[in-house]
K.L.:
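I am attaching a structure below and will ask some questions about it afterwards.
All ligand and atom numbering here is 1-based and tracks the order in the structure. Values in this document were obtained by computation on a predicted structure and should not be read as measured data.
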Amino acid sequence: MAAHATTAERAYRIGSIPGDGIGPEVQAEGLKVLAASAALDGFRYTLKSYPFGGEHYLRTGELVTPAVVDEWRGLDAVLLGAIGHPDVEPGLVERNVILSLRFGMGMYVNLRPVKLLAEHLCPLKGKSPHDIDFVVIRENTEDVYSQIGGHLNIGTPDEVAIVTGVYTRKGTERIIRYAFELARARAGRRAANGHRPRLTMVDKANAIRPQSLWTRVFEAVAAEYPDVETDHAYVDACCMWMIKTPEQFDVIVTTNLFGDIVTDLAAMLQGGMGIAASGNINPGHTSMFEPIHGSAPKYAGQNMANPLGAIAAVGMMLDYLGEPTSAARIERAMEQCLVDGRIPSIDARSGLSTTQIGDLITAEIHALAAHAAAPARA
Ligand code: IPM
Ligand code: MG
């Protein structure tokens, strides 16, 4: 994983955007886990909260401005809860907050780990945690997300809507290179298990010919990584393989829109949107971490939503900041509580409240740390 320059004093400046709907509730549980990790592992952090989102927009008319984005550049990381409000024009605040961060701050990597922590969470028959353990690297600053396009004769029978997908050689090459490096790093960490790095590039260059830029750049960069096995799949086939033989995937690299779509599918393999997290990374610079679920307005304010996605986002952030012990412990705590049934399911009907789940994970983190610190018996 791309290392962030670890500050010598292990003090991190973190911005938080709780956002809308269930965002503030799930983020509060993520922050509980952050506080426990800091106390156990001896790092410090400052937290500054920003009110942006649909709720705030309706109340004040205020949106994220370039000046705010400039301020965020001085942070080490940003944690996002969830953005989106049913009374605001669809996508307006999502684009303003999430895309201002991704595009405005050059977070060109969207890193989405797909790992099944407990077998019973997987909707596929006969698949175990051993079979579902891969990472999707989604390009995060180009494609049809570039907002180039518009309408002509809007609302009339002669309406025309045009959207342009942008793929630059520079943007394509840097994301593909990041994916090769990640495949290598993952293999290095699991060399003892005989794990071999494998990278699958996903495009739709048969129908969308300009995407052959991706195919060509992938081939050229692959020549520099002879130790990484490569594969290629069109996005429709990739969806089919993800259900049929998810065990074939190690690292996937793909375009922005296809990455958006395949990661919702992939999230279901690990149990659902309630557990998936992602990192929006500008290697070596301010990066943003978020659960991949939305604001789920119908569960807002009821202490019902599952906070595991927000907790996993904190784990990813700590890994990026250079606190791998904390990150690994958070994942292990989630795994333990899911495997032994203390957290029986990850939907909003688990029988546990948002705060109870945060408390269970925090208690397990303390138990794991105590166990690791205990002297081994002869
Ligand atoms: C995601 C979301 C966003 C996206 C939306 C909210 C703009 O679906 O992070 O996957 O399309 O990237
Ligand atoms: Mg999405």
K.L.:
How about Phe180 and Phe218: are their ring centroids closer than 6.0 Å?
P.N.:
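Distance test on ring centres: under 6.0 Å, yes.
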
K.L.:
Please list, chain by chain and in numerical order, all residues satisfying side-chain hydrogen bond (donor to acceptor under 3.5 Å, both in side chains) with Ser326, sequence neighbours excluded.
P.N.:
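So Ser326 forms a side-chain hydrogen bond (donor to acceptor under 3.5 Å, both in side chains) with Asp41.
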
K.L.:
Are there more than 12 heavy atoms of other residues, nucleotides or ligands under 6.0 Å from atom CZ of Arg169?
P.N.:
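Not more than 12 within 6.0 Å, no.
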
K.L.:
Does Lys127 pair with Glu247 as a salt bridge, N-O distance under 4.0 Å?
P.N.:
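Yes, Lys127 and Glu247 are salt-bridged.
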
K.L.:
Counting only protein atoms, how many N/O/S atoms are less than 2.8 Å away from the Mg ion (ligand 2)?
P.N.:
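That number is 1, waters not included.
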
K.L.:
For Leu116 and Glu119, work out which heavy atoms get closest and say how close.
P.N.:
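That would be CD2-CA, 4.1 Å.
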
K.L.:
Does Arg174 count as lying over the ring of Tyr108, i.e. NZ or CZ under 6.0 Å from the six-ring centre, within 45 degrees of the axis?
P.N.:
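Geometry flag: set, cation within 6.0 Å and 45°.
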
K.L.:
Can you tell me which residues line ligand 1 if we count any heavy atom under 4.0 angstrom from one of its atoms, in chain and number order?
P.N.:
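Protein residues near ligand 1 are Glu94, Arg102, Arg112, Arg138, Tyr145, Asp260.
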
K.L.:
Holding to ring pair (Phe, Tyr, Trp, His ring centres under 6.0 Å), I want the full list of residues that pass it with Phe43, two or more places apart in sequence or in another chain.
P.N.:
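In terms of ring pair (Phe, Tyr, Trp, His ring centres under 6.0 Å), with neighbours along the sequence ignored, Phe43 is linked to Tyr12.
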
K.L.:
Charged N to carboxylate O below 4.0 Å: is that the case for Arg216 and Glu219?
P.N.:
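Salt bridge flag = no for Glu219 with Arg216.
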
K.L.:
Is there a side-chain contact (heavy atoms from CB on, under 4.5 Å) between Glu29 and Thr355? Walk through the geometry before answering.
P.N.:
CA-CA 7 Å; Glu29 302 313 305; Thr355 41; 3.3 Å; yes

